[in-house]
Amino acid sequence: MNFIEELRWRGMLHDYTPGVEEFLNQNKPVAGYIGFDPTAASLHVGNLATIMLLVHFQRCGHKPYVLVGGATGMIGDPSGKSAERQFLDQATLLQNQVAIAAQLRRFLDFENGANKAEMLNNYDWFKNIGFLQFLREAGKYITVNYMMAKESVKKRLETGISFTEFSYQLLQGYDFYYLYKTIGMRLQMGGADQWGNITTGTELIRRKLAHERGLTDISKEQAQEAFALTAPLLTKADGSKFGKSEGGNIWLDPTLTSPYKFYQFWLNTADEDAPRLIRVFTLLDRATIEKLEAEHAAAPHLRILQKAIAEEVTVRVHGRTAYEKAVQASAILFGNATTEALNSIDEDTLLSVFEGVTQVQVPAESLQSNIVDFLSVVTRNEIFSSKSEARKMIQGGGVSINKIKIHENMQLSEFQLLQNRYLLVQKGKKNYYLVRVSA
RNA sequence: GGGGAGAUUCCAGAGCGGCCAAAUGGGACGGACUGUAAAUCCGUUGUCGUAUGACUUCGAAGGUUCGAAUCCUUCUCUCCCCA
């Protein structure tokens, strides 16, 4: 398989330095990597898109390296940031590194073959480099003029950028150089926003090599030794940011974004976005995708594309069992389930379906209160923050209990407790709360 | 340095003494339709609430008035034009 060709038809190719394609075709396996800074406790779906670059890279017979930015995470990448960032403390950084490394392990094959994936951490080499040494080994070869021309820096020139963040590209560039020297790393990939940082690396390598070889003229004559390749940043047809939902980021960590919500995120992909996303996030081949698209076009309401994306991605990230539960939960919550249907599921399933859904515990006698009080003050304002808010939405027809739409003067005793202790409260179409009544 | 315009509820933007909790549009949220979509239509959108109710809002602080987002004074900030 031709890596570049594969990325091209999938719409995952944004930019690359000249000669990559030939180089990749003539040398197998090529060592390539992507870096992830431990800025959060988990990777999110945006990172998943770049992870897919590595997945394809490995499938095409090349050797993928995953770099966890233990050092760069301490500095802060100014790319795409309009303001200086706060440092994370050591403990958090370390925790994040461990968590992210564990997540990355599941996407690539780290076990088999000559091109098995490897994990790196740039803290391992940066911890031993002194400031003076760094200035002499890296800083000397890149001009400030060059660094200031980068978009990430240029945008911040007006508002201010610290020397620390300004230096970021040099650190990332040095990574590439270091890896080139030690393990023959030839390609760095990333999202389009990383282009500037990556090319600082290829530039540093070019200049360092010229210097080492005693060349005075660093011209075009010199063959490319290291390459950059980026994937387009994902956008949505409606202009909103990809990878966010009402609740914020969609994380890969199941404790931050439940598999159910994760599955729902993909299932809710807009028709216009689905063809692009299915190419990026699934490994389905071209013929299969085109067939699915045709089927989708014939019967859009079945949302064949969305289901295919949701299945592949959820299974890859959370496993088949979690995926099946998410499907089951969705069927219950969005199908025209009745109280009977709700009551027919056993407690374990019920609880796993509502994993990640807000739960409120109330004493049995609270069922005596009127419905407005119950949904606001009695449930400690978890569902509605005030009585008037509860009343307004009930009057607007936006509240259901056990899938039955309620009105203001209903009694709670009219509702059957699921498993003798639960009430399922639904606010709007997609917000669920499980109220647990203690005996 | 001189002259002018302005600051209104999440945003844009009306209002220029009582009928103003403040038009209209956007956004957000809810409903109908549908495919858990798009488009469309309807409702809600200061807080508490159900009382032709109370309380807090119109850059800030004072003042005039029975009554101020609206008038006056001072202050703070923004924008434009001329030098």
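Please read all numbers here as calculations on a predicted model, not as lab measurements. By convention in this document, chain letters (A, B, ...) are assigned in the order of the sequence lines, proteins followed by strands, and residues within each chain are numbered from 1.
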Checklist line | side chain to side chain contact (heavy atoms under 4.5 Å, CB included) partner of A:Gln264, chosen from A:Pro259, A:Ser330, A:Ser258 | finding: A:Ser330

Checklist line | SB check A:Glu295 A:Lys291 (cutoff 4.0 Å) | finding: yes

Margin query: For A:Asp77 and A:Ser79, which I'm curious about, is there any donor-acceptor pair between the side chains at under 3.5 Å?
Written below: yes

Checklist line | Residue pairs passing the ring pair (Phe, Tyr, Trp, His ring centres under 6.0 Å) test where at least one lies in residues 382-435 of chain A, sequence neighbours excluded | finding: none

Next item on the list: Kindly state which residues belonging to residues 374-392 of chain A come within less than 4.0 angstrom of RNA chain B, counting heavy atoms of the residue only, listed by number.
Entry: A:Ser386, A:Lys387, A:Ser388, A:Arg391, A:Lys392

Note to self: I need the CZ-P distance between A:Phe262 and B:U36, as an integer number of Å.
What the structure shows: 22 Å

Margin query: Any strand counts, and the cut-off is 3.5 Å on both contacts for Watson-Crick or G-U wobble. Which nucleotide pairs with B:A54?
Written below: B:U47

Check: Does A:Gln411 offer a backbone N or O that forms a donor-acceptor pair with the side chain of A:Glu414 under 3.5 Å?
Finding: yes

Notebook entry, point to check: Which whole number of Å gives the distance between the C1' atom of B:U36 and that of B:C16?
Noted result: 48 Å

Notebook entry, point to check: When you measure from the side chain of A:Asn402 to the backbone N and O of A:Ile404, does any donor-acceptor pair fall under 3.5 Å?
Noted result: no

Check: Does any N or O donor sit under 3.5 Å from an N or O acceptor when you compare the side chain of A:Gln395 with the base of B:U44?
Finding: no

Note to self: Would you measure the distance from the P atom in B:U9 across to the matching atom in B:C82 and give it in whole Å?
What the structure shows: 31 Å

Margin query: Any side-chain to backbone donor/acceptor pair from A:Thr379 onto A:Leu375? Under 3.5 Å, distance only.
Written below: yes

Notebook entry, point to check: Can you tell me how far P in B:C55 sits from the matching atom in B:U74, rounded to whole Å?
Noted result: 33 Å

Next item on the list: Tell me the partner of B:U36, counting only Watson-Crick (N1-N3 plus N6-O4 or O6-N4) or G-U wobble (N1-O2 and O6-N3) with both under 3.5 Å; none if nothing fits.
Entry: none

Checklist line | Separation of B:U36 P from A:Lys427 NZ (nearest whole Å) | finding: 22 Å

Next item on the list: Under the side-chain hydrogen bond (donor to acceptor under 3.5 Å, both in side chains) rule, collect the residues that match up with A:Thr199, sequence neighbours excluded.
Entry: A:Lys150

Check: With a non-hydrogen cut-off below 4.0 angstrom, is A:Lys307 in contact with a base, only sugar-phosphate, or nothing?
Finding: nothing

Next item on the list: Indicate yes or no for a side-chain donor-acceptor contact from A:Arg279 to the backbone of A:Pro275 under 3.5 Å, with no hydrogens or angles considered.
Entry: yes

Note to self: Just to be sure I understand the geometry, which residues of residues 294-302 of chain A put a non-hydrogen atom under 4.0 Å away from RNA chain B?
What the structure shows: A:Pro300, A:His301

Next item on the list: May I ask you to decide if A:Lys116's main-chain N or O and A:Asp109's side chain share a donor-acceptor pair within less than 3.5 Å?
Entry: no

Check: In Watson-Crick or G-U wobble terms, both distances under 3.5 Å, what is the partner of B:A83?
Finding: none

Checklist line | Base-pairing mate for B:U9 - Watson-Crick or G-U, with both contacts under 3.5 Å | finding: none

Next item on the list: Please answer whether the main-chain N or O of A:Leu333 pairs with a side-chain N or O of A:Lys403 as donor and acceptor at a distance below 3.5 Å.
Entry: yes

Checklist line | Assigned partner base of B:C41, Watson-Crick or wobble definition, under 3.5 Å | finding: B:G31

Item checked: A:Asp89 (side chain) donor-acceptor with A:Thr92 (main chain) under 3.5 angstrom -> yes

Notebook entry, point to check: Are any side-chain N or O atoms of A:Gln426 and backbone N or O atoms of A:Lys429, one a donor and one an acceptor, separated by less than 3.5 Å?
Noted result: yes

Next item on the list: Provide the distance between the two P atoms, one in B:A23 and one in B:G43, to the nearest whole Å.
Entry: 15 Å

Item checked: Between B:U64 and B:C29 - C1' atom distance, rounded Å -> 43 Å

Check: What interatomic distance, in whole Å, is found between C1' of B:G13 and the corresponding atom of B:U24?
Finding: 8 Å

Check: Partner of B:C19 by Watson-Crick or G-U wobble geometry, both contacts under 3.5 Å, or none?
Finding: none

Margin query: Distance check, P atoms only: B:A5 and B:A14, in whole angstrom units.
Written below: 16 Å

Item checked: Watson-Crick or G-U counterpart of B:G59, or none if no pair lies under 3.5 Å -> B:C75

Notebook entry, point to check: Is any side-chain N of the basic residue among A:Glu389 and A:Lys392 closer than 4.0 Å to the acidic one's carboxylate O?
Noted result: no

For nucleotides 37-43 of chain B, tabulate all protein N/O to nucleotide N/O atom pairs closer than 3.5 Å, reporting atom names and distance.
none

Check: So which of residues 274-282 of chain A are in contact with RNA chain B, with a heavy-atom cut-off of under 4.0 Å?
Finding: none

Notebook entry, point to check: Would you say the side-chain atoms of A:Asn121 and A:Gln97 include a donor-acceptor pair closer than 3.5 Å?
Noted result: yes

Note to self: Can you measure A:Gln426 atom CD to B:C29 atom P for me and round it to whole angstrom units?
What the structure shows: 16 Å

Margin query: Need the pair for B:U70. Rule: Watson-Crick or G-U wobble, both distances under 3.5 Å, any strand; none if unpaired.
Written below: none

Notebook entry, point to check: B:G17 and B:A28: how far apart are their C1' atoms, nearest whole angstrom?
Noted result: 34 Å

